[in-house]
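Residue numbers start from 1 in every chain, and the chains themselves are labelled A, B, ... in the order their sequence lines are given, proteins ahead of strands. If you're wondering where the values come from, they're calculated on a predicted model, not measured in any experiment.
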Protein chains: 2
Amino acid sequence: MISIKEVTKQTGITVRTLRYYDQIGLLHPAGKTEGGHRLYGKKELAKLQEIQFLKTLGFSLQEIKNMLFDHQWDWVSCLQNQLTYIQKEKDKLEEIESTIKGLMNSLTMDGDINLIDMQKLIELYKRNMDQRMEFRNQLFNEDEKELLDLLPNVNSGDPDTLEWVSLLGQLKQHMSKGAQAPEVQRIIRRIHEKQKETFGDNDAFLKKLWEVRKSPEKSQKVGFYPIESDVLEFMEIASEIFLNRKQHD
Amino acid sequence: MISIKEVTKQTGITVRTLRYYDQIGLLHPAGKTEGGHRLYGKKELAKLQEIQFLKTLGFSLQEIKNMLFDHQWDWVSCLQNQLTYIQKEKDKLEEIESTIKGLMNSLTMDGDINLIDMQKLIELYKRNMDQRMEFRNQLFNEDEKELLDLLPNVNSGDPDTLEWVSLLGQLKQHMSKGAQAPEVQRIIRRIHEKQKETFGDNDAFLKKLWEVRKSPEKSQKVGFYPIESDVLEFMEIASEIFLNRKQHD
DNA sequence: ATACAAGATGACGTTACGTCAGTTTCAATC
DNA sequence: GATTGAAACTGACGTAACGTCATCTTGTAT
């Protein structure tokens, strides 16, 4: 049993924070002295570490409380949600970044600038942004969205999906070696194996799938990880070689 | 002069927000009616647009207030600061992202996970790199350490790592079908291929590696993501079958 | 004159604590 | 046992940018 001050020494967590965690029921001390001073044990220290870690993942204290309290907690989907949330926040920041960079480019022309100039620039930028948004809305209709929803999602941590992602990623890495390279051909063979295991011989579906894949904008918008067109072309070439050789055997 | 409702119609900014901006002195209405109802003019609408835009750049209302009031405002260095700030925030999110991805890679192994498992994983993650490096130094020599770096790093989302994770995850899924099942044998073949591609024919190293793998404690200390022992045993059995058949051909 | 929409003000809630202020307890020393 | 200084306690207010009531007043059409 150690005092609250000792806890802050060992963990760096402030006294105020510990009292707050006690208050909201996230972490109660193991006990109290007669006079009401908080006392913590090893179990509490371990829990504190967990709380700290989960906080670094961007969870709120309320969420953490639920996690640590509920022994049936669904960690997988919880992490999935958090990942997509974090990625969305990152996307927002990236857009801000590019907007600021654009503004700064405009500013570089005249080193000195006043409010009026800035107002003009801002108006100009607002217009461009609006236009971009309209473009996006025009690009996708309802049918397409339904189709895309049927496809596997990159963030679904399931092993099958993961291997798809990894195989295509490796393909890109080895592109410079040419379509006949043995590593490439081995990857292609694995791709064909998996296609059959997953979809059987449903060629129509496969065709649709790769067609959607070939449109970078569509893929991106749905949260699909993008496959560049050159990788897709490379895969088609390597596939032909693979199928030819197979027939030859 | 238009009413506050009309402003919300035209800009989408809520009544509450407009009143708040009035309150903090960011944007006062052009005038008021006898009864005290706010009235806005064109200048105010323009200013609202500017406020909206600057908000999208991530500035606080206080900062925006300063900008719009100070005609000598130094936009250039202000934007530079904001840019570096945004980039730092993005870096933070990226670190969170990679941590979550790493955790999910570990989770892929066992589809179902409870609080205790999670606590172990968290402890594993809390351990810092130095400790891992020390332990690695004890177990492996210089050449082997280079090879170690080729091994999947749990935190990365790179394709090679993903395939290791996915292959082992699939292996677990198919365990019930027995070691001779064709799917299993195909996965094993792919594992052997990848081993050769990554480490060449350095059999001594491979032996050591799997030994470490088989000891949960050692694996943890080196920072490997955990593989359950039954999956490892299954893999060994399936591997033997695979190698026997290969010799037979 | 009446009714109803629109507007005003004021207050509390939100997150995860930081920062006082005022009071009480602990542990060591005299 | 008394004193004393450090440590701990509770309680309250502040933060950013509003959302969401509740209650009261004004504007306007009929």
> Which part of the nucleic acid, if any, lies within reach of R19(B) when heavy atoms closer than 4.0 Å are counted: base, sugar-phosphate only, or nothing?
Replying inline: base

>> Side-chain N or O of R38(A) versus OP1/OP2 of dT10(D): is the shortest distance under 4.0 Å?
In response: yes

> Could you give the CD1-to-C1' distance, from I13(A) to dA16(C), as a whole number of Å?
Replying inline: 13 Å

> Within this structure, what is the CZ-to-C1' distance between R16(B) and dG13(C), rounded to whole angstrom?
Replying inline: 11 Å

> Side-chain N or O of K5(B) less than 4.0 angstrom from OP1 or OP2 on dT28(D)?
Replying inline: no

> Hey, are the side chains of I96(B) and Q82(A) touching, using non-hydrogen atoms and a 4.5 Å cut-off?
Replying inline: no

> If each of I4(B) and K55(A) is mapped to the nucleotide of DNA chain C with the nearest heavy atom, which maps nearer the 5' terminus, i.e. the 5' end?
Replying inline: I4(B)

> Just how far, in rounded Å, is P of dT25(C) from CD of E34(A)?
Replying inline: 10 Å

>> For dT26(D) and T33(B) - does any side-chain N or O of the residue sit under 4.0 Å from the phosphate oxygens OP1/OP2?
In response: no

> With a 4.5 Å limit on heavy-atom distance, are the side chains of L167(B) and K194(B) in contact?
Replying inline: yes

> I24(B) near the nucleic acid: base, sugar-phosphate alone, or nothing, with a heavy-atom cut-off under 4.0 Å?
Replying inline: nothing

> Roughly how many Å is it from CG in L39(B) to P in dT26(D), rounded to a whole number?
Replying inline: 15 Å

>> Any carboxylate oxygen within less than 4.0 angstrom of a Lys/Arg side-chain nitrogen, looking at K92(A) and E95(A)?
In response: no

> Is the backbone of S60(B) close enough, under 3.5 Å, to the side chain of E63(B) for a donor and an acceptor to pair up by distance?
Replying inline: yes

>> It should be established whether K32(A) places a side-chain nitrogen or oxygen under 4.0 Å from OP1 or OP2 of nucleotide dC26(C).
In response: no

> According to a strict under-4.0 Å criterion, is Y21(A) in side-chain N/O contact with OP1 or OP2 of dA16(C)?
Replying inline: no

>> Under 4.0 Å from OP1 or OP2 of dA17(D): is there any side-chain N or O of T17(B) that close?
In response: no

> Rounded to the nearest Å, what distance is computed from the CD atom of residue Q23(A) to the C1' atom of nucleotide dC9(D)?
Replying inline: 13 Å

>> Taking only side-chain N and O atoms of T14(A), does any of them lie within less than 4.0 angstrom of OP1 or OP2 on dC17(C)?
In response: no

> Can you tell me if the side-chain N/O atoms of Y20(B) get under 4.0 Å from OP1 or OP2 in dG19(D)?
Replying inline: no

> For S3(A) and dA8(D), is the shortest distance between a side-chain N/O and OP1 or OP2 below 4.0 Å?
Replying inline: yes

>> When you measure from the side chain of T8(A) to the backbone of G12(A), do you find a donor-acceptor pair of N or O atoms at a distance under 3.5 Å?
In response: no

>> How many whole angstroms separate atom OH of Y40(B) from atom P of dA6(C)?
In response: 17 Å

> For DNA chain D, whose closest nucleotide is more 5', that of H37(B) or that of Q62(B)?
Replying inline: Q62(B)

> What's the CE-C1' distance between M1(B) and dG27(D), to the nearest Å?
Replying inline: 17 Å

>> Run the side-chain contact (heavy atoms from CB on, under 4.5 Å) test on I2(A) and L45(A) for me, step by step, so that the C-alpha distance in whole Å, both residues' side-chain angles and the decisive distance to 0.1 Å come before the verdict.
In response: CA-CA 10 Å; I2(A) 57 177; L45(A) 284 179; 4.1 Å; yes

>> Could you tell me how far apart F59(A) (CZ) and dA16(C) (P) are, to the nearest whole angstrom?
In response: 13 Å

